[in-house]
Amino acid sequence: MCSGGWRAITGSIGRLDKQMRMEEHHSHAQETDKHAGHSTDAFLQKLWVVLILMVPILFASDMPEIVIGWRLPRFVGDQISFLLLGSIIFFYGGWVFIAGAAREIRAKLPGMMTLISIAITAAYLFSAFSVFAGREETLFWELSTLIAVMLLGHWIEMRAVSGAQGALKELAKLLPDVAEVIREGKTEKIPLSELVAGDRVLVRPGSKVPADGVIEEGQSDVNEAVVTGESKPVSKKMGDQVIAGSLNGDGGLTVRVDKIGEATFLAGVMRLVAQAQASKSKLQILSDRAALYLTVIAVTSGGITFIAWLLADAGLVTATERLVAVLVVACPHALGLAVPLVASISTTMAARNGLLIKQRLSLEAARTIDTVLFDKTGTLTLGAFGVSEIVPVDSVEANQVLAMAASVNSQSEHPLAKAIVDEARARKIDHKEVKQFERVPGKGAQGWVEGGKVSVGNIALMEETSVAIPSEVARQIQTLSREGKTVIYVASVHRLLGAIALADIIREESREAVASLKAVGIRTAMITGDSEDVAAWVAKEIGIDEYFAKVLPGQKADTVKSLQQKGHIVAMVGDGVNDAPALTQADLGIAIGAGTNVAIESAGIILVKNDPRDIPKIIKLSKLTYAKMIQNLFWATGYNLVALPLAAGVLASRGIILEPAVAAVFMSVSTVIVAVNAVLLRRRSLAENTRKPF
């Protein structure tokens, strides 16, 4: 990471993080964080320890006898040994659930952690009491199995969860390490953290602008695409403002710094990303609300069962046994795997199809999307200029116009110049030797080719060199300009040879992607920082339903919000820094894999192959995943619906009582069904017609 860039905005990040932490301290999302204080590796380590300790407990339980008619022979001190193993499993493997339950209870929102804690605590205390009371019946096997299953489920879940602050840190990489400041007539390089408002900095050709400011001297074309989304290099002159992180062209600039810290453009983007992430984090607790009802059912059922057996004069021990059986059975063991296992398999399927799932909630939301909002530059287009059309004058051939332009531009670093040279190379046109090359900042370039002075640039350069534009050519150029194309004139010895129109190259696959989405009834829209003409032309070429032009970064997030307020469920597809707030605000954020790291960090799903045709696959996968989750939830909760009343003893009068060991068998069968059903997801193809039923 660029250390200078990080130090320059670290104050903003620190204050912003502090503010977010203070807000989160009072939010349910923070209080009910199931994994607070634990890493993915920690859950995996706990799982392995529990699995190892489970082996002797398994052979000593009733399970082998039920299944194969054999069990571990009794030995001196066996109950104390199993109490020791069970205690390690409970305190080492299960404490994370108890700590999570404490947070849920403090937040007054009991969830899955509370339900798990009640079950494992009841099983452990009952087993410990049985050992010291000299009773043979314990629940160490049920205890260890439950903890192992839940650790596995939470480990799978944590692997799918990405850090929320990655996008903020990636923003620092847009800035250079140092700034070249002008003080007392001399230049010196200093860390960005030492810049102050009012400093004058020198921005050399090809370098990044270190801070927001105003140009005092110089003229150049500045590439702001990574920041504003504007695909054309923007001509900048004295008095114009520049943004930190933008790339200077081939002209030197002297910039007066006028914004630092929280007032900078990048800090503003950081705030937008952070706000969108914070608002989204509230959704994280929704999945636990179902567990709230299960907790109420478990506690209520257990209490009723305990009282009912006492009133039936069954004795305190029997009533306690039934209470513990209900609490253990009520905890949905398979439910701990039902969602995470499907999510894990769907994530693997996505990767094999060129999709990287960073946020599970994003994939879950994809099935409900009704509007896909595309960023233009770098998403629907390549984000690079190409020659669209050549307009020769009189008897001049198109290749001659291109040859002259490529010859002069062969020594230029301007992106439009490179596009012309690349087109000449593609047509196998060799550029001629150029002498006395001269860059004309903000206008173009000149040089001597075959004994004549050739000028290649915009209309301002033509006016400066007294080159007349024929009316017929002017009309053609006007038409091209209305289509959003950039026109470069080519003149030799004050005579116009022709003009070259350049445009951002549209991805061929973009048309197919839009057509596929329309075929399944999904609206398409485009958002861009480009002009109205450019937006209209691209939308027409691709078949986009609606477009938004001249949209600034903050307005992009607002545009997503406005669509959401109209009742639309929006997927945002983008690749630039300017897209980051909108990607996070959208119901589903999709980043083009070749885009900026901050866009990738802000999105929930990444198109690794940079192919927008993969978007329909996301929707298909989301529907498949949702269907499997619903099926698994049915199997997981179905077990409880059958086992819970049996564990309570509603059929005790008929001699039918569900003992904990038998309940463990049912639990295992339920878990296996859930696992097998989830694995069947791998057999589905994402290439199928997305209109098929799921």
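Formation of a donor-acceptor pair under 3.5 Å by the Thr381 side chain with backbone atoms of Lys376 is found in this model. His431 contributes no side-chain N or O that, together with a main-chain N or O of Val421, makes up a donor-acceptor pair within less than 3.5 Å. Between the side chain of Ser207 and the backbone N or O of Val203, no donor-acceptor pair lies under 3.5 Å. Within the 3.5 Å criterion, the main-chain N or O of Lys561 finds no donor-acceptor partner in the side chain of Asp558.
Two residues are said to be in side-chain contact when any heavy atoms from C-beta on lie closer than 4.5 Å; Ile590 and Leu607 meet this criterion. Between Leu402 and Ile500, the closest side-chain pair of non-hydrogen atoms falls below 4.5 Å. Using a 4.5 Å heavy-atom threshold, the side chains of Ile459 and Ile477 count as separate. Looking only at side-chain heavy atoms (C-beta outward), Ile542 and Phe374 stay at 4.5 Å or farther from each other. Side-chain atoms of Arg183 and Ile190, non-hydrogen and from C-beta on, do get closer than 4.5 Å to each other. You'll find the side chain of Asp199 stays beyond 4.5 Å of the side chain of Arg256, heavy atoms only. Using a 4.5 Å heavy-atom cutoff, the side chains of Val456 and Ile488 are in contact. Inter-residue side-chain proximity for Thr528 and Phe548 is flagged as unmet; no heavy-atom pair is nearer than 4.5 Å.
Between atom OG of residue Ser510 and atom CD1 of residue Ile615 there is a gap of 8.5 Å, rounded to the nearest 0.5 Å. Atoms NZ and CG, on Lys208 and Asn223 in that order, are 11.0 Å from each other to the nearest 0.5 Å. If you take CG on Leu355 and CD1 on Ile606, they are separated by 10.5 Å, rounding to the nearest 0.5 Å. Here CG of Leu202 is found 8.5 Å from CG of Leu253. Values are rounded to the nearest 0.5 Å. Rounding to the nearest 0.5 Å places CD1 of Ile544 at 12.0 Å from CD1 of Ile527. For the atom pair CE (Met404) and OG (Ser455), the distance works out to 12.0 Å, reported to the nearest 0.5 Å.
Minimum heavy-atom separation, Ala419 to Val387: O-CG2, 4.1 Å. Minimum interatomic distance between Ala405 and Val490 (heavy atoms only, all atoms of both residues): CB-CG2, 3.7 Å. Asp579 approaches Lys556 most closely through the heavy-atom pair OD1-NZ, 2.8 Å. Nearest heavy atom pair, residue Leu588 against residue Ala366, reads CD2-CB, 3.7 Å. The two residues Ala586 and Val570 have their closest heavy-atom pair at CB-O, 3.7 Å. Pairing each heavy atom of Val178 with each of Leu192, the nearest pair is C-CD1, 3.3 Å.
Remark: Lys418 engages Glu413 in a side-chain hydrogen bond (donor to acceptor under 3.5 Å, both in side chains) (not counting sequence neighbours). Taking the side chain to side chain contact (heavy atoms under 4.5 Å, CB included) definition, one finds that Ala501 meets it with Glu389, Leu480, Lys485, sequence neighbours left out. Under the side chain to side chain contact (heavy atoms under 4.5 Å, CB included) criterion, Lys435 pairs with Glu433, Trp448, sequence neighbours left out. For Glu180, the side-chain hydrogen bond (donor to acceptor under 3.5 Å, both in side chains) partners two or more places apart in sequence, or in a different chain, are Arg204. Residues passing the salt bridge (charged side-chain N to carboxylate O under 4.0 Å, His left out) test with Arg613, sequence neighbours excluded: Glu512, Asp611. By the side chain to side chain contact (heavy atoms under 4.5 Å, CB included) test, Ser412 pairs with Asp250, Asn409, His414, Ala417, Phe437, sequence neighbours left out. With sequence neighbours excluded, the residues forming a salt bridge (charged side-chain N to carboxylate O under 4.0 Å, His left out) with Glu508 are Arg511, listed by chain and number. Residues that satisfy the side chain to side chain contact (heavy atoms under 4.5 Å, CB included) test with Leu382, not counting sequence neighbours, are Ile505, Arg507. Listed by chain and residue number, Tyr92 satisfy the side-chain hydrogen bond (donor to acceptor under 3.5 Å, both in side chains) test with Gln45 (two or more places apart in sequence, or in another chain). Every side-chain hydrogen bond (donor to acceptor under 3.5 Å, both in side chains) that Asp422 has, sequence neighbours left out, goes to Arg425. In terms of the salt bridge (charged side-chain N to carboxylate O under 4.0 Å, His left out) criterion, residue partners of Glu217 (sequence neighbours excluded) are, by chain and number, Arg200.
In the model, Gln241 has no side-chain atom that pairs as donor or acceptor with a side-chain atom of Asp212 under 3.5 Å. In the model, Gln446 has no side-chain atom that pairs as donor or acceptor with a side-chain atom of Gln436 under 3.5 Å. Asn248 and Ser220 share a side-chain donor-acceptor pair at under 3.5 Å.
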For Ser410 and Val434, run side-chain contact (heavy atoms from CB on, under 4.5 Å): C-alpha distance rounded to whole Å, both residues' side-chain angles, the deciding distance at 0.1 Å, then the answer. CA-CA 8 Å; Ser410 63; Val434 59; 4.2 Å; yes
When you look at Val573 and Leu373, which way does the side-chain contact (heavy atoms from CB on, under 4.5 Å) test go after all the steps? CA-CA 6 Å; Val573 188; Leu373 179 63; over 6 Å; no
Can you list the steps and then say if Leu461 with Thr465 is a side-chain contact (heavy atoms from CB on, under 4.5 Å)? CA-CA 6 Å; Leu461 182 60; Thr465 54; 4.3 Å; yes
Pair Lys443, Glu464 - check salt bridge (Lys or Arg N to Asp or Glu O under 4.0 Å), show working. CA-CA 10 Å; Lys443 298 178 181 179; Glu464 184 178 294; 2.6 Å; yes
Would you please test Gln585 and Gln564 for side-chain contact (heavy atoms from CB on, under 4.5 Å) and show each step? CA-CA 10 Å; Gln585 175 61 44; Gln564 291 170 329; 3.0 Å; yes
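The list of salt bridge (Lys or Arg N to Asp or Glu O under 4.0 Å) pairs with a residue in residues 236-249, not counting sequence neighbours, reads Glu224-Lys236, Lys237-Asp240.
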